[in-house]
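Quick notes on the structure that follows.
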Amino acid sequence: MPREYKTIEEVAGPLMLVRDVSGVTYNELGEIELESGEKRRCKVLEIDGSNALVQLFDSATGINPETSKVRFSGRVMELGVSADMLSRVFDGLGRPIDNGPEILPEKRMDINGLPMNPAARSYPQEFIQTGVSAIDGLNTLVRGQKLPIFSASGLPHAQLAAQIARQARVRGTDEAFAVVFAALGITYEEADYFIQSFRETGAIDRTVLFINLANDPAVERIATPRMALTAAEYLAFEQNMHVLVIMTDITNYADALREVSAARKEVPSRRGYPGYMYTDLATLYERAGRQHGKTGSITMIPILTMPEDDKTHPIPDLTGYITEGQIILSRELYRKNIAPPIDVLPSLSRLKDKGIGEGKTRADHADTMNQLFSAYARGKDAKELMVILGEAALTDIDKKYAKFADAFEKEYVSQGYNVNRSIEETLDIGWKLLRILPRTELKRIKDEYLDKYYEE
């Protein structure tokens with residue numbers, strides 16, 4: 001039964017203090033009714049005895065503590081879920097914004113969910129093909145994995161995110177595959193780019209979009225990824241689908257967390273972010289994975305821009321601890337017009353060995369991957385030496401490695417944002433590049449694979 005109070009003590013920015021309440025709980029939703037009859041939504045942030053600290057979802061402008069009243073609903077924030085959510089666009093609080101009809105929910109789910117119990121997890125091991133060579137060939141994504149993309153301001157992470165969302169699929173099966181795309185704190189132009197990109201290619205049919213714009217309130221931005229993960233959990237574990245969750249940009253989410261924390265006058269930690277940011281990010285990331293006894297799965301690609309290109313900044317730093325690797329975009333490659341500018345050497349997928357090989361990708365995948373890493377690293381060293389000492393100082397074999405490094409960036413890494421490569425195409429391009437080097441240099445590849453692929 002809703003309870004109504006006229007005991008608003010004060011309104012300070014996005015927060016409001018209500019005195020003499022009873023039975024009100026943390027995270028409970030409420031509604032503020034102004035004298036004019038206008039209603040605004042809010043959520044309980046903190047309970048201290050009979051005082052409730054409430055966070056507003058809308059502007060505080062026009063709220064008069066004397067004449068306004070607060071009604072608490074007795075419910076936490078929920079999302080009405082249904083299979084009809086596919087191909088729809090929602091705002092950050094799960095309301096349709098694509099001029100379509102309201103969703104008729106099969107059930108309502110608490111958006112806060114729960115991180116997956118480690119004992120209930122199945123080990124990630126099936127390959128997901130993104131169509132992007134630098135990921136599929138070298139930093140393979142595995143079903144149930146959390147693999148973030150570390151970008152920086154001005155780099156084309158939006159195009160890469162849209163490309164992966166359009167192209168990703170589970171190979172060799174007719175299992176249902178869906179994408180849940182959550183955009184946090186983006187501009188109208190970016191939102192329009194994502195929506196149009198999915199519509200033009202037909203990928204929207206298997207996609208659920210949650211769009212939170214930069215001018216939406218901070219508290220809504222904190223709810224958006226939880227909305228997206230709740231939709232993903234429903235599709236994965238109740239509709240038996242394989243779901244890829246892409247969230248961009250986690251940095252905007254963390255900044256909203258800092259804004260709310262500052263409004264609550266909490267003691268700040270590193271760079272002003274709240275001390276519980278690690279725990280908060282973990283409650284999001286750990287909702288991904290596979291469960292024993294369930295056919296569906298949730299794979300997650302969070303995308304974040306590193307402030308000042310700094311990998312040690314708290315947001316990428318904490319994300320790296322919780323997730324299984326990272327894909328790093330490089331400003332240097334971007335300046336060379338490499339698209340996508342994925343820097344494969346510092347990138348890492350900790351589960352790649354589990355998703356490749358015979359029956360998953362191809363038997364030669366692991367060997368060629370190791371050889372490409374090795375040759376590219378040596379080629380980059382040779383190029384640096386060339387800059388310092390001049391080309392004449394290099395041996396003939398070093399010159400071949402330098403040539404390999406250039407060709408590798410141009411042909412393997414750089415493929416544009418509209419090219420969808422199968423894993424076989426990616427592996428064949430790898431072999432074509434390895435033929436630049438003498439067979440005697442390919443020490444990481446078994447002879448049986450060299451006999452089969454090197455001479456072709």
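Within the structure, every pair that satisfies the side-chain hydrogen bond (donor to acceptor under 3.5 Å, both in side chains) test and touches residues 92-103, not counting sequence neighbours, is listed here: Arg88-Asp98, Asp91-Arg95.
Of the possible polar contacts, one joining the Gln145 side chain to the Glu324 backbone as a donor-acceptor pair under 3.5 Å is found. One N or O on the side chain of Asp367 and one on the backbone of Lys446 form a donor-acceptor pair closer than 3.5 Å. Proximity of a side-chain donor or acceptor of Gln163 to a complementary backbone N or O of Val419 within less than 3.5 Å is detected. The main-chain N or O of Ala339 is found under 3.5 Å from a side-chain atom of Ser414 such that the two form a donor-acceptor pair. A donor-acceptor pair is defined here as one N or O able to donate and one able to accept, closer than 3.5 Å; no such pair exists between the side chain of Thr130 and the backbone of Ile164. With hydrogens and angles disregarded, a donor-acceptor distance shorter than 3.5 Å links the side chain of Lys360 to the backbone of Lys354. A donor-acceptor distance shorter than 3.5 angstrom exists from the side chain of Gln326 to the backbone of Pro346, with no hydrogens or angles considered. Remark: the backbone N or O of Gly185 is paired with a side-chain donor or acceptor of Asn212 at under 3.5 angstrom. Not one N or O on the side chain of Asp310 forms a donor-acceptor pair closer than 3.5 Å with the backbone of Met306.
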Q | Intermediate values then yes/no, side chain to side chain contact (heavy atoms under 4.5 Å, CB included), Met227 and Met77 | A | CA-CA 9 Å; Met227 291 277 173; Met77 195 177 288; 3.6 Å; yes
**Q.** Steps toward side chain to side chain contact (heavy atoms under 4.5 Å, CB included) verdict (Glu106, Gln239)
**A.** CA-CA 12 Å; Glu106 288 176 25; Gln239 297 290 320; 3.9 Å; yes
Q. Yes or no on side chain to side chain donor-acceptor pair (under 3.5 Å) for Tyr193 and Gln159, after CA distance, side-chain angles and deciding distance?
A. CA-CA 9 Å; Tyr193 166 76; Gln159 287 94 310; 5.0 Å; no
**Q.** Test side chain to side chain contact (heavy atoms under 4.5 Å, CB included) applied to Met247 and Thr224, step by step
**A.** CA-CA 10 Å; Met247 297 199 283; Thr224 305; over 6 Å; no
Q: Determine, step by step, whether Leu427 and His365 satisfy the side chain to side chain contact (heavy atoms under 4.5 Å, CB included) criterion, reporting the C-alpha distance in whole Å, the side-chain angles of both residues, the deciding distance to 0.1 Å, and the verdict.
A: CA-CA 7 Å; Leu427 291 170; His365 190 159; 3.9 Å; yes
Q) Given Arg166 and Thr207, is the side chain to side chain donor-acceptor pair (under 3.5 Å) satisfied, shown in steps? A) CA-CA 9 Å; Arg166 290 194 310 265; Thr207 305; over 6 Å; no
Q: Please assess Asp255 against Arg258 for the test salt bridge (Lys or Arg N to Asp or Glu O under 4.0 Å), listing each intermediate value before the final yes or no.
A: CA-CA 5 Å; Asp255 287 345; Arg258 178 167 66 176; 3.5 Å; yes
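Ionic pairing of Arg271 and Asp317 is not present here: no N-O contact between side-chain nitrogen and carboxylate oxygen is shorter than 4.0 angstrom. Salt-bridge annotation for Arg226 and Asp280: present, with a side-chain N of the basic residue lying under 4.0 Å from a carboxylate O of the acidic one. Between Glu233 and Lys294 there is no salt bridge, since none of the side-chain N atoms of the basic residue sits less than 4.0 Å from a carboxylate O of the acidic one. Salt bridge annotation for Arg378-Glu441: present, with a cationic side-chain nitrogen under 4.0 angstrom from a carboxylate oxygen. Between Glu266 and Arg264 there is a salt bridge, since at least one side-chain N of the basic residue sits less than 4.0 Å from a carboxylate O of the acidic one. The pair Arg362-Asp428 counts as a salt bridge, with a side-chain nitrogen and a carboxylate oxygen less than 4.0 angstrom apart.
Contact of the Thr361 side chain with the Met369 side chain is not registered, since no non-hydrogen atoms from C-beta on lie closer than 4.5 Å. Counting heavy atoms from C-beta outward, Leu93 and Arg41 have side chains that approach closer than 4.5 Å. Side-chain contact between Leu56 and Val219 is absent, with no heavy-atom pair separated by less than 4.5 Å. Contact of the Ile342 side chain with the Leu333 side chain is not registered, since no non-hydrogen atoms from C-beta on lie closer than 4.5 Å. With a 4.5 Å cut-off on side-chain heavy atoms, Gln371 and Leu434 count as touching. Considering only heavy atoms from C-beta on, Leu257 stays 4.5 Å or farther from Tyr273 through its side chain. For the pair Lys107/Val81, a side-chain contact is recorded, criterion being any heavy-atom separation below 4.5 Å from C-beta on. A 4.5 Å side-chain heavy-atom check between Leu235 and Val208 finds at least one atom pair inside the cut-off.
Closest approach of Leu86 to Ala178, counting heavy atoms only: CD2-CB, 3.8 Å. Between Met116 and Arg290, the shortest heavy-atom distance links the atoms SD-O, 3.7 Å. When all heavy atoms of Ile322 and Lys146 are compared, the pair lying nearest together is O-CE, 3.5 Å. Scanning both residues, Leu79 and Gly94, for their nearest heavy atoms gives CD1-CA, 4.0 Å. Between Ala402 and Met386, the shortest heavy-atom contact is CB-CE, 3.7 Å. In terms of heavy-atom proximity, Ala254 sits nearest to Ile315 at CB-CD1, 3.6 Å.
By the 6.0 Å and 45° rule, Arg221 does not stack over the aromatic ring of Tyr253. Relative to the ring axis of Phe177, Arg169 does not place its NZ or CZ within 45° and under 6.0 Å from the centre.
The environment of Glu424 atom CD is dense: over 12 non-hydrogen atoms of other residues, nucleotides or ligands sit within 6.0 angstrom. Remark: Lys403 NZ is loosely packed, at most 12 non-hydrogen atoms of other residues, nucleotides or ligands lying under 6.0 Å away. In this structure, Leu389 places its CG atom where more than 12 heavy-atom neighbours from other residues, nucleotides or ligands lie under 6.0 Å away. Within a 6.0 Å radius of NZ in Lys336, other residues, nucleotides and ligands contribute more than 12 heavy atoms.
Taking the six-membered ring for Trp and the full ring otherwise, the centers of His313 and Phe150 sit at least 6.0 Å from each other. Ring pair Phe181/Phe198: centre-to-centre distance below 6.0 Å.
Thr323 and Arg350 are not linked by any side-chain donor-acceptor pair at a separation below 3.5 angstrom, with hydrogens and angles left out of the test. Between the side chains of Arg421 and Ser133, a donor-acceptor pair is found at a separation under 3.5 Å.
Ring orientation note: the planes of Tyr412 and Phe408 are close to parallel, at an angle under 30° on the 30°/60° scale.
Each of Arg143, Gln291, His292 was evaluated against Ser122; a single residue qualifies, His292, per the side chain to side chain donor-acceptor pair (under 3.5 Å) test.
Tyr234 meets the ring pair (Phe, Tyr, Trp, His ring centres under 6.0 Å) test with no other residue; sequence neighbours excluded.
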